[in-house]
Amino acid sequence: MVASCAGFSPLPPEGCVSVCEIDGKVAHKPFESANPAEFTNTVVTHPVISLSHDAVHLAAREDARHVFLHVEEKLLKRIISTWYEQGTVEALELAATPNDQSGYILQMSARIALKAIHAMSLVLNSVYPHFGERGQHLTASGAHSRSLHHNPVRCIAWHPHITKIAVAVSDDSVRVYTAMSPGLVPTLRSKGQRSVSCLAWRPHSASELAVGCHAGVLVWQVDPKSVVTRPSISCATVLKQPGHSPVSSVQWNSTGTLLVSAATGDTSMYIWDVDLQESIPLRRVGGGGISLVSWSPDVHKLLAATTSVTFRVWDSSNWVPERWRVLSGHVRTACWSPCSTVLLFTTSEESVVYALQFKPNCAQLDTMFYSDTPVSEQAARVVINLAQEEVGNGTRIGGTVLSMVWDRLGRHLALIFENSPLVAIYRTDLVPHLLITPNCLVKGASGEQPTTIAFQNNFDVGACLTIAWSSGRIQYFPIVYQELKNPNQSVRHNASMQYRPDQSFLETSMAPDASSFMHSFQDSFLSY
């Protein structure tokens, strides 16, 4: 059965926003008085975050140089400065431009070099589609949030075990908010931390945060007991490799022993032992740079999506990949089920969600994927048709997906779209087979669009979807179930809730311990 964009609960009235869902009832309130505490106290200690006034003014960093007065410099000095700040191609373009200071030989040499680079680019672009892109354009090609360089919030990441959230903002700083110390907000900033694109907290550690940026990966030590709000660069470990830039995706495995990084300008992804500051590259010919990586919860599989139609799923027992191709575009978003048997993904050009089914404990089996059909006929199947639908007042939902996240219990799937101001939440069941049904829509204030989303990892009474809006406001949308509520948490009922028939849901187990994986990791690479 294929789900669609029809069948969601009604949108809130004009002037109202979605607040929360309690036992299948969606609550709506006017924006000025919208407060989940009126219905549940599950998020009352969460930090209040709004970045609309103090982050936007530095969003256009690349144009900051135009505010300075022009000073005439010698051509050689300008060429060297351009090469240092912008790169070789830009320096050659400056040298090739006719002016009073450049001689004929210098101009012709620069033009010949530019033609040679252009010819090489045409060849390489046929294999690596994003090879010719540079700077922020290349960073944005691997981004999973809306308008990466124009919105106050670029990306967010919840800590796996505690109520702590990291927020990357448009001035290239990362701010860390905690429920325990709402007034203490460490700000992580460095000269080398430019064009931040992704964040990842280290599991089983209270303080380590990996930040992917243009230069590489910075792993910050954010001491929870420190009162310092501006940690120095000495608190960060810099991980970088030649050509591994700009970093588009970072993720720890579920045990916190390994970190994987990917870059849209590099065909290799790197597996890092952060404690030893050592790395091993994983590469395959074809497909271009890597825009997205994702470990399965059981650490037996690793997804690597390229900037072309190719994506691979690596088997970590022997580090041999299965190669797959999409029909058009590239894989933009992907997420694993808690049991690691289902991979959902979307592409940059299709309005559908695909699913791949895996064998349990696939590392010990001959083939990675299982199906009722022969291996040669296996294919990803469409599980959600996201053709656009009108849901009221001229508002539409659906289209190509910008970001997609799955909660840790495998009950809720949230999506945001390129051309819709709404967040769509689906209910998911994994037993006896994958079943996806429309749940509810989340609407922001007038003029707001969702830029990025994430589920809180340690929310124990259902799911808590965190939404960063284009205004800089960060919203917590709790989905609470009475049967999961502990005695210290309460749910309040209100007449403004709208009823939505509830559906069955599944309790899943946590990912198994992968400590034995480290031993096989080195052996596998020695024989690779």
Side-chain angles (χ1 to χ4, degrees), residues 1-8 21 24 254 292 294-303 305 311 313 315 322 324 326-327 331-347 350-363 365 367-375 377-387 397-398 400-401 403-417 423-441 453 455 462-463 465 479 481 500-512:
M1 179 179 176
V2 178
S4 69
C5 289
F8 287 103
E21 179 186 314
S254 59
L292 175 68
S294 180
W295 287 100
S296 63
D298 66 2
V299 305
H300 290 309
K301 298 174 285 290
L302 177 60
L303 167 72
F311 71 98
V313 181
D315 182 345
E322 287 272 356
W324 294 76
V326 297
L327 298 177
V331 172
R332 173 178 282 173
T333 64
C335 44
W336 293 92
S337 64
C339 54
S340 303
T341 60
V342 177
L343 173 66
L344 300 180
F345 67 91
T346 67
T347 72
E350 297 176 277
S351 300
V352 296
V353 176
Y354 289 103
L356 279 175
Q357 198 81 22
F358 292 77
K359 283 184 177 181
N361 300 321
C362 67
L365 300 174
T367 179
M368 183 173 293
F369 302 101
Y370 78 99
S371 170
D372 294 332
T373 59
V375 174
E377 300 177 16
Q378 290 176 8
R381 62 188 180 94
V382 175
V383 291
I384 310 179
N385 180 1
L386 296 173
I397 187 74
T400 52
V401 176
S403 181
M404 177 174 65
V405 291
W406 209 345
D407 78 311
R408 68 181 184 87
L409 297 179
R411 299 180 177 180
H412 297 91
L413 182 73
L415 303 92
I416 59 176
F417 305 90
V423 180
I425 302 178
Y426 289 84
R427 288 290 295 272
T428 58
D429 291 293
L430 295 168
V431 175
H433 53 77
L434 178 64
L435 177 64
I436 302 177
T437 52
N439 184 46
C440 66
L441 300 173
I453 53 177
F455 277 108
L465 179 64
I479 305 171
Y481 297 106
R500 179 190 57 76
D502 197 14
Q503 300 162 6
S504 61
F505 45 82
L506 168 72
E507 180 75 51
T508 58
S509 59
M510 296 297 291

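If you read the sequence from its start, that first residue is 1, and numbering goes on from there. Heavy-atom basis, side chains included; hydrogens, waters and symmetry copies ignored.
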Atom [atom1] of [X] and atom [atom2] of [Y]: how far apart are they, to the nearest 0.5 Å?
{"X": "Gln357", "Y": "His433", "atom1": "CD", "atom2": "NE2", "value": "10.5 Å"}
{"X": "Leu327", "Y": "Thr347", "atom1": "CG", "atom2": "OG1", "value": "8.0 Å"}
{"X": "Asp429", "Y": "Arg411", "atom1": "CG", "atom2": "CZ", "value": "9.0 Å"}
{"X": "Leu413", "Y": "Cys335", "atom1": "CG", "atom2": "SG", "value": "5.5 Å"}
{"X": "Ser337", "Y": "Arg408", "atom1": "OG", "atom2": "CZ", "value": "14.5 Å"}
{"X": "Leu343", "Y": "Phe358", "atom1": "CG", "atom2": "CZ", "value": "5.0 Å"}

Could you tell me which non-hydrogen atom of [X] sits nearest to which non-hydrogen atom of [Y], and how far apart they are?
{"X": "Leu303", "Y": "Ala334", "answer": "CD2-CB, 3.3 Å"}
{"X": "Pro297", "Y": "Ser254", "answer": "O-OG, 2.9 Å"}
{"X": "Gly398", "Y": "Cys5", "answer": "CA-SG, 3.8 Å"}
{"X": "Pro438", "Y": "Ser4", "answer": "CG-O, 3.7 Å"}

- Identify which one of Val383, Thr428, Leu415 satisfies the side-chain contact (heavy atoms from CB on, under 4.5 Å) criterion when paired with Leu344.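 The single option meeting the side-chain contact (heavy atoms from CB on, under 4.5 Å) with Leu344 is Val383.
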
Any side-chain heavy-atom pair of [X] and [Y] under 4.5 Å:
{"X": "Leu465", "Y": "Val423", "result": "yes"}
{"X": "Phe417", "Y": "Leu386", "result": "yes"}
{"X": "Val326", "Y": "Phe311", "result": "yes"}
{"X": "Pro338", "Y": "Leu430", "result": "yes"}

- Using the six-membered ring wherever Trp is involved, compare the ring planes of Tyr426 and Phe8 and label them parallel, tilted or perpendicular (cut-offs 30° and 60°).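 Judged by the thresholds at 30° and 60°, the geometry between Tyr426 and Phe8 is perpendicular.
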
- Any side-chain donor paired with an acceptor under 3.5 Å for Thr333 and Ser403?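 There is no such pair (donor and acceptor under 3.5 Å, judged by atom type) between the side chains of Thr333 and Ser403.
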
[X] (side chain) donor-acceptor with [Y] (main chain) under 3.5 angstrom:
{"X": "Asn385", "Y": "Ala387", "result": "yes"}
{"X": "Lys301", "Y": "Ser340", "result": "yes"}
{"X": "Asp407", "Y": "His412", "result": "yes"}
{"X": "Tyr481", "Y": "Ala463", "result": "no"}
{"X": "Trp336", "Y": "Val342", "result": "no"}

- Given side chain to side chain contact (heavy atoms under 4.5 Å, CB included), test Phe345 with Val353 step by step and report yes or no. CA-CA 6 Å; Phe345 67 91; Val353 176; over 6 Å; no

- Message: As a quick check of understanding, evaluate side chain to side chain contact (heavy atoms under 4.5 Å, CB included) for Thr400 and Thr346, giving each step before the final call.
- Response: CA-CA 8 Å; Thr400 52; Thr346 67; over 6 Å; no

- Task: May I have the step-by-step check of side chain to side chain contact (heavy atoms under 4.5 Å, CB included) for Val352 and Arg381, ending in yes or no?
- Result: CA-CA 10 Å; Val352 296; Arg381 62 188 180 94; over 6 Å; no

- Message: Leu356 vs Trp324, test: side chain to side chain contact (heavy atoms under 4.5 Å, CB included). Steps then yes/no.
- Response: CA-CA 11 Å; Leu356 279 175; Trp324 294 76; 3.7 Å; yes

